[in-house]
Chemist: 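Before I ask anything, here is the structure I am working with.
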Amino acid sequence: MPSKPSVAPQQTCSVKFCLLDADYTTDKESGKTIVKLIGIDEQGNSILVLDSSFEPYFYILSKKGKKKELIEKLEKSSLVTRIDEVSRIVEGNEEKVLQVFVIVPASTGKVRESVKRLDSVKGTYEYSVNFYKRYMMNRGIYPLDWLEIEGEEIENETAYKKVVKAVSIKKMSSKELPTLNVLAFDTEVVDKKLIMISFVAKNFKKVLTYKKAKNAEVCKDEKQMLQRFVEIVNEQDPDVIVTFNGDQFDFEVIRQRADELNVPLKLNRDASVLKGVRRGQTTAARLQGRIHIDLFPFIDTVLAPQLQFEAITLNDVSEELLGESKTDMSFEGMLQSWKSGKMEDVVKYCLNDSKLTIKLAEILLPQVLELSRASGQLPFDSSRMAYGTLVESFFLRKGVEHNTLAPEAPHFAEVEKRRRQRPYVGGYVKEPKVGLHENIAVFDFRSLYPSIIVTYNLSPETYNCKHKDCKTNKVPDMKHHFCTKIKGFIPTHLKSILEHRQEIKSRMKNYSRGSAEWKQLDEEQKAIKILANATYGYLAYAGSRWYSREAAESAAAYGRYHIQQTIKDAEKTGFEVLYADTDSVFVKTKKGSIEKLAEDFQKKINKSLPGILELELQGIYTRGLFVPQKIGTYTAKKRYALIDENGEVTVRGFEAVRRDWCDMAKDLQHNVLRLVLQNNQSEAVKKVKHAVEKIKKRKVTISDIAVRTMLGKELTEYKATGPHIAVARKLQKQGHEMPQGTVISYIITKGAGSISQRAEPTDKISIKDYDIDYYLHNQILAVALRVLGSLGYKEEDLCY
DNA sequence: CCGCTACGGGG
DNA sequence: GGGTACGTAGCGG
């Protein structure tokens, strides 16, 4: 960090750059806290801007008549630099509060701690807002803003093209995204040692390893490979580094190996060494000057709920988002190749992972950046944040922009208490009419919960207000009421982003679908949708500042009320209601055109809905299969499959076909489902019968019937013995090493005892050993009956 | 039935 | 660095 001004006469300069990252540091000489703003200019040069004009502070609301006493006490503290008196809205009321400035960010908590119990203190506020976040909020700066900086350029020996000490910072209006230099990398690890590293950027790809290999740079050993890794990152000088699970895996291994092998990890632009930052139970790899975007946490927290992959693996995610998968090679295959020296396979495998990662980044990075813009959090943070914190940072900003102090964050005991609350009643579910149906229309409420929060003014401060007229405004089937006179904090700002989203959507109409402008606007509106939808959950989130279980509970009650009304109206109109869940209703008609009837119904309902509530016609389907939600004690969330007139199939909730099912069973269910939707039940039954025969006559391969499970931890750490653990222990006794991460492939054999006792490793088994009965009833027929059972088929119908 | 622990992704 | 995930499956009591 350059802290000294250069000896040469300082050069005044002006730069315009797009903000990508921020941090802060304390200058050792002056003791001042310096905010670091990191970004790139129009030419793609990396810029570091230093701003020492911002001071840390927090707020105190004093008790009546005790202000003087409090100020005197505060002035005695060596940590306090000055005290201002300002006007802010506190819990709905305008108050005069003390703004207490302190020497360094860490002092806010210390000073607050020393005064919070004084009887002159009524409340303390915003003492735990991170300094760079505080800075961005107060200055109205959002990530990806273009900033115009006037200042002095400082000589530096860092990888930044320019380091500027800011004198003034102005926001510009451009919303353009800069061209970023993005580098993806992936490592392969065997026995906790790095064996290979691959990189892919726009015009660059490389593989490092230390066994002789074609198409790779062959290093002397692991240490030299790590050194080359550092060199290559610096040569490529990326603005963004992308990984898939780099926080918890790749960077973690790299750090450990670099430690062991004594390789300084100078990956940062300021020439410092990589450090991990604690984020909850996990560590994130945060680089200085380069944003490390780990796609895994982003997909896990933000995208997973909207998508339908079975697991968040690079393979499944790539298949869904890119329509392509990893190479045909399995991990075991790769391992085999490494051990036997078939290096071209390993190189291909490793490089492909980086290729997929960068392709995913092409799609996901714009989403991360728009989410940053919408939430006000840096890309590094917004890509790792859980919904609760993401929503909260948005409202914190709105508070600052509207002179409103955020409620104090709940303390540990309070969070615990909130967590222990009995769960409240959620959305309404109408059990599906099991079977195959035709001429189906699906309706859903557009952004149901956000619309309800806005329409009914649900917010912590509007709950059970004192106004006489509001008291009759009861939530359906609840004792609660919400204010009808004064707009609440949450509904006000939620409404404004919903309107902003509509405005973006109407602007999108000016561009042709799929154009660059259209795509950027689309990402922007999707990011806002994510925030808006998460606000409902935020009201009931235990860590929330704007916590109101009553508001969340009421949103659910209003939701149930409206969906039930819609069901009643649909029935009155002559539809048969097949299924309903929370915000969607599935109906069918026996006579007339489903399209026409559905459109008329939608219009009619919308005329009767209050506020901003709106029912949408989600789609028309030629055929649909609905299966029971309860099978024994197991309750599926949503389980149906639909086909439209173009033959497009939508499947929900059959995902129970995951682990513990063999490939043959998985494939069979897939085929059966499609055939049923194509109204070809006889062919579906034939397929099942055929599979049954194959199992009975042992005309299958081991791989068809193998179940694969990975050892998630060391074998000794398992207390419970599932089938894969039993197999692993058997293998270990035979002298095989069974480290964490070993994939156990097993089949169930004939004989007596539990499934675990009868599980055997695949490599020692012949096709005559498997238990026909188990595969018939617990795999093939089980999976087939999930689909065909709802159509009245019994086991005996599916066997010859 | 409840409460606790371990897990995920990566290799 | 006053930012310390999170929701759930599966086990044992």
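Atom set for the values below is all heavy atoms of this structure, side chains included, hydrogens, waters and symmetry mates excluded. We name chains A, B, ... by the order of the sequence lines, and we start the count at 1 in each one.
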Chemist: Output all residues satisfying side chain to side chain contact (heavy atoms under 4.5 Å, CB included) with A:Ala759, sequence neighbours left out; order by chain, then residue number.
Modeler: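 If we apply the side chain to side chain contact (heavy atoms under 4.5 Å, CB included) test to A:Ala759, skipping adjacent residues, the hits are A:Pro723, A:Val727, A:Tyr746, A:Ile748.
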Chemist: Identify whether any heavy atom of A:Thr187 sits under 4.0 Å from a base atom; if not, whether one sits that close to sugar-phosphate; answer base, sugar-phosphate or nothing.
Modeler: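 Sugar-phosphate, backbone atoms only, no base.
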Chemist: Could you list all N or O pairs between the protein and nucleotides 1-4 of chain B that sit under 3.5 Å apart?
Modeler:
none

Chemist: Taking side chain to side chain contact (heavy atoms under 4.5 Å, CB included) as the definition, give me every residue that meets it alongside A:Ala22, ordered by chain and number, with sequence neighbours left out.
Modeler: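 A:Ala22 satisfies side chain to side chain contact (heavy atoms under 4.5 Å, CB included) with A:Leu37, A:Tyr132, A:Leu378 only.
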Chemist: Report which part of the nucleic acid A:Asp23 touches: base, sugar-phosphate, or nothing (heavy-atom distance under 4.0 Å, all strands).
Modeler: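 Base contact - A:Asp23 has a heavy atom under 4.0 Å of at least one base atom.
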Chemist: With the threshold set at under 4.0 Å for non-hydrogen atoms, list the residues of residues 128-136 of chain A touching DNA chain C in residue-number order.
Modeler: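 DNA chain C contact set from residues 128-136 of chain A: A:Ser128, A:Val129, A:Asn130, A:Tyr132, A:Lys133.
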Chemist: Please identify each residue that fulfils side-chain hydrogen bond (donor to acceptor under 3.5 Å, both in side chains) with A:Arg134, with sequence neighbours left out.
Modeler: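 Here the qualifying residues are A:Tyr57, A:Glu126, A:Asn138.
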Chemist: Which part of the nucleic acid does A:Thr313 contact within heavy-atom distance under 4.0 Å: base, sugar-phosphate only, or nothing?
Modeler: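 Sugar-phosphate: the residue A:Thr313, judged by heavy atoms under 4.0 Å, touches backbone atoms but no base.
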Chemist: Applying side chain to side chain contact (heavy atoms under 4.5 Å, CB included), name anything that partners A:Arg117, two or more places apart in sequence or on another chain.
Modeler: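 Result, side chain to side chain contact (heavy atoms under 4.5 Å, CB included) vs A:Arg117: A:Glu113.
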Chemist: If I take atom CG in residue A:Asp381 and atom C1' in nucleotide C:dA5, what distance separates them, rounded to the nearest angstrom?
Modeler: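 Interatomic distance, CG of A:Asp381 to C1' of C:dA5: 14 Å.
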Chemist: Let's see if you can work this out: which of C:dT4, C:dG1, B:dG10 has an atom nearest to the side-chain heavy atoms of A:Tyr24?
Modeler: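 It is C:dG1.
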Chemist: Listed in order of residue number, which residues of residues 247-256 of chain A have a non-hydrogen atom at under 4.0 Å from DNA chain B?
Modeler: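 Hits under 4.0 Å, by residue number: A:Gln248, A:Phe249.
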Chemist: What residue pairs, at least two apart or across chains, pass salt bridge (Lys or Arg N to Asp or Glu O under 4.0 Å) with a residue in residues 293-306 of chain A?
Modeler: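 Output for this query is empty, none listed.
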Chemist: In whole Å, what is the span from the CZ atom of A:Arg112 to the P atom of C:dG2?
Modeler: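 It is 13 Å, rounded to the nearest whole Å.
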Chemist: For A:Trp338, which residues count as a ring-ring contact (aromatic ring centres under 6.0 Å, His included) partner, sequence neighbours excluded?
Modeler: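 So A:Trp338 forms no ring-ring contact (aromatic ring centres under 6.0 Å, His included) with any residue.
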Chemist: Going by side chain to side chain contact (heavy atoms under 4.5 Å, CB included), name the residues that satisfy it together with A:Lys110, two or more places apart in sequence or in a different chain.
Modeler: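 Only A:Leu79 meet the side chain to side chain contact (heavy atoms under 4.5 Å, CB included) criterion with A:Lys110.
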Chemist: Can you list every pair that meets salt bridge (Lys or Arg N to Asp or Glu O under 4.0 Å) and has a residue in residues 355-365 of chain A, with sequence neighbours left out?
Modeler: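 Only A:Glu324-A:Lys359 qualify under salt bridge (Lys or Arg N to Asp or Glu O under 4.0 Å).
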Chemist: Compute the ring centroids of A:Phe249 and A:Phe244, then answer whether they are less than 6.0 Å apart.
Modeler: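 No.
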Chemist: Which residue, A:Val400, A:Val90, A:Leu396, forms the side chain to side chain contact (heavy atoms under 4.5 Å, CB included) with A:Leu405?
Modeler: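 Only match with A:Leu405 under side chain to side chain contact (heavy atoms under 4.5 Å, CB included): A:Val90.
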Chemist: With sequence neighbours left out, what residues match A:Phe251 under ring-ring contact (aromatic ring centres under 6.0 Å, His included)?
Modeler: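 In terms of ring-ring contact (aromatic ring centres under 6.0 Å, His included), with neighbours along the sequence ignored, A:Phe251 is linked to A:Phe185, A:His292.
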